[in-house]
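In this chain, numbering begins with 1 at the start of the sequence shown.
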Amino acid sequence: MKKIIFLALGFPNASKSTNIYTDLISEFCTKGHDVLVLAPAASKDDVGFRQEAGVKVLRVKTLPLFNVGAIKKGIANLLLARQYKKALINNNIKLDFDLILMPTPPITLTPVASWLKKKTGGKLYLILRDIFPQNAVDLNMMKDKGLFHNYFRKKEEALYVVSDSIGCMSPANVNYVKEHNPTMDFSKLHLLPNWENLPVYKEEIKLDSLVSKYGLKDKFILIFGGNIGKPQKLENIINLAKNCLDYPDIVFFIIGTGTEKEKIFNMAKDLKLPNVILENKLPKADYNNLLRIADVGLISLSEDFTIPNFPSKVLSYYGNKIPVLASVDLQTDFGTILEEINSGVWAEAGKTDELKDKLLLLYKNSDLRKEMGENGYDYMKQNLLPDNAYKTIIEKTMS
């Protein structure tokens, strides 16, 4: 048994909701490790030490980190390291961890991670899920080579130095880090694909009421659920919906929140698109059941990216045997991997006609959809479960 601390940003209460990180930490706990999660508190009532779905979590008071403007978000992230360190000291947490797990975003937790490494002698494993600050430059949220970019770039470089092992989402991510950090120790880098538990459903659940509620009878459903921000650039999906009005049975079901939600919702309403359903939030059970009846899962990434993102959202589609339609930039290898697995189709982001052609390929071929859905499910079952991620991390840090 090893003692582990996980420095989290987005870590929901797993008894109410889950994500890839709650799934991973649950895997560590199941395997018998002693894990403490350090995470922001959603409200003042959540501050303090607690057990959440059998996991020890220390919730820390922070400034608002989500669904706020860039300046407020930046200040909140800059304060995180100091707040986390203070919380550990004030709660008399014994600093004897064997392993420090830290995902990106954010990179601003580097000081507390480095401090923990020095105090405990434990190894620092970086779960690289966001290449910052370059992603902010790509989205015009930060000036290239400007004051803020240079500051955060130094933080990024320091993080790679202090990390003992760095898990990257895809081969393109590994190559990008190598190319842009030629002096770092490349032996730290390896593949750590995204992961998620397979869904478990009660087969007797009736879905007719959900179909009736949203007017989905005899519809071909494309679903998108998750963050609606600049990285997703859902304008490209709305433009696709506009170009599909000649197929009245095709419906785009978009669920989510984020900094661009209002813009995207207004765009769809201004265009008066009868084939777009917009929902701010849904009960988790409703969303999960929508995944069961959806025909295609949507992935969207901005064409402005120069870094290779790899969306974890695809795991929900794989788990529900849904083929994928992706609108992505040319820097990511997501589309290439889709093709290798034969689990979906893709087009370059911003090229609406090409994306429509790929959609119609799926729309007109139910056998192809079924085959791709099964391929994605089989690939996830073999390669993308929390146990796979757990084994990789243990192999790289405990051997």
Verdict with supporting geometry, Y363 and D249, side-chain hydrogen bond (donor to acceptor under 3.5 Å, both in side chains): CA-CA 10 Å; Y363 172 75; D249 58 328; 2.9 Å; yes

Salt bridge (Lys or Arg N to Asp or Glu O under 4.0 Å) between K117 and D164, worked out: CA-CA 10 Å; K117 184 178 176 181; D164 295 290; 3.2 Å; yes

Intermediate values then yes/no, side chain to side chain contact (heavy atoms under 4.5 Å, CB included), L278 and F253: CA-CA 6 Å; L278 303 166; F253 204 130; over 6 Å; no

Intermediate values then yes/no, side chain to side chain contact (heavy atoms under 4.5 Å, CB included), L216 and I293: CA-CA 9 Å; L216 300 174; I293 63 175; 4.1 Å; yes

Salt bridge (Lys or Arg N to Asp or Glu O under 4.0 Å) assessment of K31 paired with D387: CA-CA 10 Å; K31 294 291 196 298; D387 181 60; 3.1 Å; yes

From CA spacing to verdict: ring-ring contact (aromatic ring centres under 6.0 Å, His included), H33, Y390: CA-CA 11 Å; H33 299 288; Y390 166 82; 5.7 Å; yes

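A salt bridge does not link K230 with D304: none of the charged nitrogens is closer than 4.0 Å to a carboxylate oxygen. Using a cutoff of 4.0 Å between basic side-chain nitrogens and carboxylate oxygens, D286 and K213 are scored as salt-bridged. Note on D246 versus K356: salt bridge recorded, some NZ/NE/NH1/NH2 to OD/OE distance being below 4.0 Å.
Considering all non-hydrogen atoms of both residues, Y84 and A8 come closest at OH-O, 2.7 Å. Considering every non-hydrogen atom in both N342 and N375, the closest pair reads O-ND2, 3.0 Å. Residue L338 comes nearest to V345 through the heavy atom pair CD1-O, 3.9 Å, listed as atom of the first residue, atom of the second, then distance. When every heavy atom of R59 is checked against every heavy atom of E52, the shortest pair comes out as NH2-OE1, 2.9 Å. Closest of all the heavy-atom pairs between M184 and I166 is CE-CD1, 3.7 Å. In this structure, K233 and S300 approach most closely via the heavy-atom pair O-OG, 3.3 Å.
At a threshold of 4.5 Å between non-hydrogen side-chain atoms, the residues L24 and I127 count as touching. Side-chain contact between F132 and P105: absent, with no pair of heavy atoms (C-beta onward) separated by less than 4.5 Å. Counting heavy atoms from C-beta on, the side chains of C168 and L189 come closer than 4.5 Å. With a 4.5 Å cut-off on side-chain heavy atoms, S327 and L298 do not count as touching. With contacts defined as side-chain heavy-atom distances shorter than 4.5 Å, the pair K2/D34 does not qualify. At a threshold of 4.5 Å between non-hydrogen side-chain atoms, the residues I4 and L36 do not count as touching. Taking 4.5 Å as the limit, every side-chain heavy atom of V60 sits out of range of all side-chain heavy atoms of P40. In this structure the side chain of N181 reaches within 4.5 angstrom of the side chain of E157, judged on heavy atoms.
Under the 3.5 Å distance criterion, with hydrogens and angles disregarded, a donor-acceptor pair is assigned to the side chains of D138 and Q134. Judged purely by distance below 3.5 Å, without hydrogens or angles, the side chains of T352 and N239 never pair a donor atom with an acceptor atom. For the residue pair N227 and E260, no side-chain donor N or O sits within less than 3.5 Å of a side-chain acceptor on the partner. Side chains of N173 and S170: a donor-acceptor N/O pair is present below 3.5 angstrom, by distance only. Looking at D185 and Y160, their side chains never bring a donor and an acceptor atom within 3.5 Å of each other. Side-chain contact of N197 with D23: a donor-acceptor pair under 3.5 Å is present, judged by distance alone.
In the displayed structure, F49 atom CZ is contacted under 6.0 Å by more than 12 heavy atoms of other residues, nucleotides or ligands. Heavy atoms of other residues, nucleotides or ligands lying less than 6.0 angstrom from NZ of K86 number 12 at most. By the neighbour-count criterion of 12 heavy atoms within 6.0 Å, atom CZ of R50 is densely surrounded, having more than that number from other residues, nucleotides or ligands. Within 6.0 Å of NZ in K56 there are more than 12 heavy atoms belonging to other residues, nucleotides or ligands. More than 12 non-hydrogen atoms from other residues, nucleotides or ligands lie less than 6.0 angstrom from CD of E374. By the neighbour-count criterion of 12 heavy atoms within 6.0 Å, atom NZ of K358 is densely surrounded, having more than that number from other residues, nucleotides or ligands.
Between Y21 and W195, the two ring planes are perpendicular [angle over 60°; tilted spans 30° to 60°]. In this structure, F11 and F6 have tilted ring planes: the angle between them lies in the 30° to 60° band.
Rounding to the nearest 0.5 angstrom, the gap separating the CZ atom in F252 from the CG atom in L325 is 8.0 Å. With rounding to the nearest 0.5 Å, the separation of OG1 in T120 from NZ in K94 is 12.5 Å. Atoms CG and CD1, on L99 and I5 in that order, are 10.5 Å from each other to the nearest 0.5 Å. To the nearest 0.5 Å, atoms CG (L191) and NZ (K396) are separated by 9.0 Å. Taking CG of L360 as the start and CD1 of I250 as the end, the distance is 6.0 Å to the nearest 0.5 Å. Rounding to the nearest 0.5 Å places CG of L7 at 10.0 Å from CG of L80.
Between Y377 and Y318, the distance from one ring center to the other does not fall under 6.0 angstrom.
Between the side chain of S212 and the backbone N or O of D208 there is no donor-acceptor pair closer than 3.5 Å. Between the side chain of T18 and the main chain of A14, no donor-acceptor pair closer than 3.5 Å is present. A donor-acceptor pair is defined here as one N or O able to donate and one able to accept, closer than 3.5 Å; such a pair exists between the side chain of Y317 and the backbone of I223.
A cation-pi geometry, defined here as NZ or CZ lying under 6.0 Å from the six-membered ring centre and within 45° of its normal, holds between K261 and F265. For the pair K313 and F224, the cation-pi test (distance below 6.0 Å, angle within 45°) is passed.
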